[in-house]
Amino acid sequence: ERVHPEDLDSVNAEVDRCAASREPFEREFRVVGPDGSGHWGLGRGEFDFSESGVPVRMRGVVQDTTLRKTGEAAARENEERFREAQRDAGIGSWRYLPDGTLVWSDQMYELLPVPRGVPLEYDRVVDVMHPDDRGTGRVTEFARALQSGARDYRADYRVVWPDGRVRVMHSRGTIHRDVDGRVIEAIGTVQDVTERRQAESRIRQLNRVYAMLGGISEALVREKDPETVLNAACRITVNTGGFRMAWIGLRADGGALHVP
C-alpha cells in the first residue's frame with residue numbers, strides 16, 4: 001500500500017510473473033512515506049508454494065535505496081552539465097592508454113573529423129592532422145612526450161576536415177607513469193583555438209607594422225642622405241616588419257621609375 005501509484009501496476013505484474021515462473025522477485029520502485037514524502041526501495045523476495053504448486057506466501061525485504069538513487073540522479077545531472085559546458089567552451093576531454101587506444105567525450109567528435117563507431121586509436125588522430133603537423137615518421141609532439149619521459153604535454157596542431165576546412169586545436173594533458181617511468185595513462189583536453197590564434201596572429205602583424213613605421217620615422221629624422229634613408233627603410237621593413245623583400249621606387253619628372 002506504500003508503493004507509488006504509478007509503480008503499483010508494474011510491481012504487481014512482476015510479482016505475478018515471478019510467481020508463475022517460480023523465480024525470485026527483485027525490483028526497484030518508488031515508495032510513499034507516511035508523511036507523503038517520496039522514497040526509493042529495492043524489494044527482494046521468494047515464494048512458498050503448496051504441494052500442488054500454488055504460491056501461498058511471499059517472503060522478502062525492502063531496502064531503502066533513496067540515497068543511492070539520489071546520488072545517481074545527481075551524477076547524471078552533473079555529467080550532463082559537464083557535457084554542456086564542454087560544448088559551450090568547444091572543449092573535449094580524452095584519455096590515452098598504453099596500447100594506443102583512446103577514450104574520449106562526445107565533444108571530441110565535434111572537434112576532430114573522426115567518424116563515430118570506429119575503434120578509437122591515436123593513429124586516427126594523426127590521420128586527420130595537417131601533414132605538416134604530423135612530424136617526421138608520424139612522430140607527433142604527443143608521441144615525443146610519451147617517449148621522452150615527460151609528465152606534461154601541450155601542443156597546437158591543425159586538423160583537416162573532409163570539406164577542406166582547417167581548424168587549429170590546442171591539446172594539453174598529464175602523463176601518468178609508474179615508478180619505472182612506463183606510461184600508465186595520459187588524460188587531457190582539446191580545444192578549438194582557431195579564432196584565437198588568428199586574432200593573435202593579426203595582433204603580432206600589427207605590432208610589427210607599427211614598429212616598422214616607427215623605425216622608418218626615426219631613420220627619416222636621423223639620416224640626412226636620401227639614399228641612406230631609403231636603404232634604412234628597406235632594411236627596417238624586412239628585419240622589423242617581417243617582409244621577405246622591400247624596395248622603394250622614385251618616379252622622375254618624366255614619369256620613369258627609378259629604383260635606387
Side-chain angles (χ1 to χ4, degrees), residues 86-92 94 107-108 110-113 122 125-175 186 188-260:
Q86 286 197 331
R87 285 194 296 268
D88 293 343
I91 296 176
W94 53 265
Q107 184 62 20
M108 290 291 292
E110 303 297 325
L111 298 172
L112 303 181
Y122 183 65
V125 177
V126 180
D127 288 341
V128 301
M129 282 185 179
H130 191 283
D132 293 343
D133 295 342
R134 293 175 186 170
T136 304
R138 295 169 65 93
V139 180
T140 63
E141 291 290 337
F142 180 64
R144 279 193 286 271
L146 292 176
Q147 296 168 4
S148 67
R151 295 186 178 273
D152 295 302
Y153 156 73
R154 181 177 299 186
D156 282 3
Y157 59 86
R158 292 163 292 175
V159 297
V160 182
W161 285 78
D163 60 5
R165 287 181 297 134
V166 177
R167 305 293 295 179
V168 181
M169 300 294 129
H170 176 70
S171 183
R172 60 190 304 174
T174 301
I175 303 172
T189 59
V190 170
Q191 183 175 20
D192 189 329
V193 294
T194 305
E195 284 72 23
R196 183 193 306 175
R197 294 296 183 260
Q198 290 173 345
E200 292 171 351
S201 177
R202 286 193 292 268
I203 291 173
R204 287 193 298 269
Q205 184 178 11
L206 287 174
N207 287 337
R208 287 196 302 267
V209 170
Y210 292 146
M212 177 191 72
L213 294 176
I216 293 174
S217 297
E218 291 178 3
L220 289 171
V221 173
R222 183 178 64 253
E223 304 293 345
K224 304 303 181 183
D225 178 58
E227 186 172 349
T228 303
V229 171
L230 295 178
N231 289 335
C234 290
R235 184 176 63 255
I236 293 170
T237 300
V238 172
N239 295 339
T240 303
F243 292 87
R244 294 184 178 180
M245 183 182 67
W247 58 269
I248 298 175
L250 301 177
R251 187 173 296 279
D253 293 338
L257 182 64
H258 171 64
V259 179

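Both backbone and side-chain heavy atoms feed into the values below; hydrogens, waters and symmetry mates do not.
Between the Ser171 side chain and the Ala155 main chain, no donor and acceptor come within less than 3.5 Å of each other. A distance-only check finds a donor-acceptor pair linking the side chain of Ser148 to the backbone of Ala145 [under 3.5 Å]. A donor-acceptor pair under 3.5 Å is absent between the side-chain atoms of Arg158 and the main chain of Asp133, judged by distance alone.
Annotation: side chain of His170 is in contact with side chain of Arg197 (closest heavy-atom distance under 4.5 Å). Glu223 has its side chain out of reach of Asn231: every pair of non-hydrogen atoms, C-beta onward, lies at least 4.5 Å apart. Side-chain contact check for Arg208 versus Met212: every heavy-atom pair is 4.5 Å or farther apart. Contact check for Arg167 versus His130: no side-chain heavy atoms found under the 4.5 Å cut-off.
For Arg172, the CZ atom is loosely surrounded, since the number of other residues' heavy atoms within 6.0 Å does not exceed 12. Taking a 6.0 Å sphere around CD of Gln205, one finds it holds 12 or fewer heavy atoms contributed by other residues, nucleotides or ligands.
In terms of heavy atoms, Val193 sits closest to Met169 at CG2-C, 4.1 Å. The minimum heavy-atom distance linking Asp192 with Glu195 is given by the pair OD1-OE1, 4.3 Å. The two atoms that bring Pro113 and Trp161 nearest to each other are CB-CE3, 3.4 Å, heavy atoms only. Shortest non-hydrogen contact noted between Val190 and Leu111 is O-CD1, 3.4 Å. Nearest heavy atoms, Tyr157 versus Leu112: OH-CD2, 4.3 Å. Closest of all the heavy-atom pairs between Val229 and Ala219 is CG2-O, 4.1 Å.
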* Show your working on side chain to side chain contact (heavy atoms under 4.5 Å, CB included) between Val160 and Val128 and close with a plain yes or no. => CA-CA 6 Å; Val160 182; Val128 301; over 6 Å; no

* To do: Show the numbers, then the answer: is there a side chain to side chain contact (heavy atoms under 4.5 Å, CB included) between Gln147 and Val139?
  => CA-CA 10 Å; Gln147 296 168 4; Val139 180; 4.3 Å; yes

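Of the inter-residue distances, the one linking Arg144 atom CZ with Glu141 atom CD reads 4.0 Å to the nearest 0.5 angstrom. Atom CD1 of Ile216 is separated from atom CZ of Arg235 by 10.5 Å, given to the nearest 0.5 angstrom. With rounding to the nearest 0.5 angstrom, the CD1 atom of Ile91 is 14.5 Å from the CD atom of Glu110.
Taking the six-membered ring where tryptophan is involved, the planes of Phe142 and Tyr122 are tilted, since the angle between them lies from 30° to 60°.
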